[in-house]
Amino acid sequence: MISVDDALDQIFTRIPTPLPETIPLARAHRRVLTKPLVARHTQPPFDASAMDGYAVRTADVVPGQPLFLAGTSQAGARFTGMMQRGECVRIFTGAPLPIGADAVIMQEQATARGNQVSFDQVPRLGQSIRRKGFDFVADKELIPAGVPLTPAMLNLVASANYGELTVAKRPKLAILATGDELVAPGSEIGPDQIVASNSYGLIPLLAPYSEKIIDLGIVPDDKKQLENAILGAFDYGVEVLITSGGASVGERDYVQDVLRDLGVNLDFWKVLMRPGKPLMFGTRGKTLVFGLPGNPISAFVTATVLVRPALRLMTGHTDPFWPSLAVPLASDLPANAERRHYVRAKLNRSEIGFLEALPIAETDSNHSTSLAEADALIIQPENSPLLPAGEMVEVIPLNMLS
Ligand code: AMP
Ligand code: MG
């Protein structure tokens with residue numbers, strides 16, 4: 001058995017370098033740039049008004065004394081003349097500042113009578129002007145490589161005039177569930193049958209890091225059928241294969257044998273974590289193979305802790321780990337043995353409004369209700385003593401997305 005950290009290190013050494021591909025901007029949410037994105041132009045490209053109002057020369061403004069209205073500067077259609085002494089120009093938000101103006105007075109502080117406009121106050125030099133390049137200048141690095149693109153970043157990318165982006169390619173995945181007792185959701189359930197649920201959590205969990213996930217469905221505990229299904233995935237050219245079930249040492253747990261028979265080099269098959277001890281990892285050429293445990297919580301947690309980091313690296317993320325939080329415990333967390341424990345927890349607000357982690361007492365690896373209730377997994381280190389309420393712990397948020 002190896003520690004979680006050693007397991008991750010071994011997995012990480014097997015990750016192929018991501019290849020670039022060019023995609024439309026509209027499909028780039030959560031994708032990762034392979035090179036930093038550099039501004040192609042200066043933004044704003046000209047000094048612009050930040051208000052609807054009047055462009056003035058500050059030296060000309062005397063409260064109550066009207067200026068002559070010389071014209072209009074609109075967004076998309078500037079005032080082409082030169083603003084003379086004693087003049088002002090009607091201006092709208094985003095419109096270029098006329099030559100000769102050095103401030104904008106908002107319309108609420110102006111009184112217009114015909115072409116005579118007077119103002120309540122003398123403006124500050126540069127008031128309500130957005131200077132050319134105040135957002136960014138040409139050649140500035142706007143977004144680094146290696147981070148997932150957020151909606152706000154995509155806004156910036158668009159404003160920097162990119163219609164396409166070069167991002168890391170994502171792998172093709174195949175996923176299968178194995179077990180004689182398993183039936184698909186929505187079926188008639190026979191007397192000794194169990195509904196196969198694992199793939200339905202794993203697929204959306206891993207989808208952001210996949211080009212495509214092929215669901216191979218349920219395969220019985222039968223060597224030949226398992227071989228056929230897995231070989232089919234390899235032949236199709238998947239870059240990651242994920243199985244759940246049949247991974248421990250029971251008589252009908254064939255996954256390990258089948259993987260070896262098909263030429264998979266297994267790096268390890270047990271990890272010191274809870275839930276999730278039986279977990280196989282290996283490679284066949286460039287294909288990564290994860291044999292996850294069958295218990296639903298074990299499958300989900302091992303995928304979160306070991307598969308997702310691998311996929312993040314494969315897809316160009318510099319940081320393999322989903323951002324974690326440090327929060328105080330809302331109640332005591334019992335002591336732990338030598339396996340690192342990923343404890344289901346609610347993230348609640350304390351009386352003073354801060355997040356805190358309330359451990360869920362249920363720790364069985366087949367109890368799906370408690371995982372569905374959980375907002376986070378507390379990472380309880382190996383051989384931890386009882387951690388008292390108030391102690392800071394690291395948690396992996398489960399449902400925070402942007
Ligand atoms: P196994 O790893 O095959 O020994 O399975 C461990 C437990 O997980 C057994 O109770 C199985 O019925 C259950 N199990 C295995 N695969 C799935 C699945 N895809 N969905 C839900 N439960 C499963
Ligand atoms: Mg089984």
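Since the model is a prediction, treat every value here as computed from it, not as a measurement. Numbering of ligands and ligand atoms starts at 1, following listing order.
Ranking the protein heavy atoms by distance from atom 10 (O) of ligand 1 puts N366 ND2, 3.4 Å first. The protein atom (non-hydrogen) at minimum distance from atom 19 (N) of ligand 1 is N198 ND2, 3.3 Å. Residue, atom and distance of the protein heavy atom nearest to atom 1 (P) of ligand 1 are G246 N, 3.7 Å. Protein heavy atom closest to atom 12 (O) of ligand 1, with residue, atom name and distance, is E181 OE2, 2.5 Å. The nearest heavy-atom contact from the protein to atom 6 (C) of ligand 1 is N295 N, 3.7 Å. Among all protein heavy atoms, the one lying closest to atom 4 (O) of ligand 1 is S248 OG, 3.8 Å. Of all protein heavy atoms, the one lying nearest to atom 20 (N) of ligand 1 is S197 N, 2.8 Å. Looking at atom 5 (O) of ligand 1, its nearest protein heavy atom turns out to be G294 CA, 3.7 Å.
For the salt bridge (charged side-chain N to carboxylate O under 4.0 Å, His left out) with E21, the qualifying choice from R31, K169, R27 is R31, the only one to do so.
No hydrogens or angles considered: nothing links the side chains of Q10 and R14 as a donor-acceptor pair under 3.5 Å. Side-chain contact check for T93 and D52: at least one donor-acceptor pair (N or O, by modelled atom type) lies under 3.5 Å.
Listed by number with element, the atoms of ligand 1 under 4.0 angstrom from any heavy atom of V195 are 20 (N), 21 (C). Proximity to A177 (heavy-atom distance under 4.0 Å) selects the following atoms of ligand 1: 19 (N). For ligand 1, the atoms closer than 4.0 angstrom to any heavy atom of G245 are 2 (O), 3 (O).
Taking every heavy atom of both residues into account, T287 and V240 meet most closely at CG2-N, 4.1 Å. The minimum heavy-atom distance between A101 and L97, with the atom names listed, is O-CD2, 3.5 Å.
Remark: M153 CE to I143 CD1 distance equals 6.0 Å, nearest 0.5 Å.
Taking a 4.0 Å cut-off on heavy atoms, P296 registers as neighbouring ligand 1. Not close to ligand 1: I218, with no non-hydrogen atom less than 4.0 angstrom away.
Because its NZ or CZ atom is not both nearer than 6.0 Å to the ring centre of Y209 and within 45° of the ring axis, R312 does not count as a cation-pi partner of that residue. Geometric assessment of R90 against the ring of Y54 yields a positive cation-pi assignment under the 6.0 Å and 45° thresholds.
R340 is not listed as a side-chain neighbour of L272, based on a closest heavy-atom distance of 4.5 Å or more.
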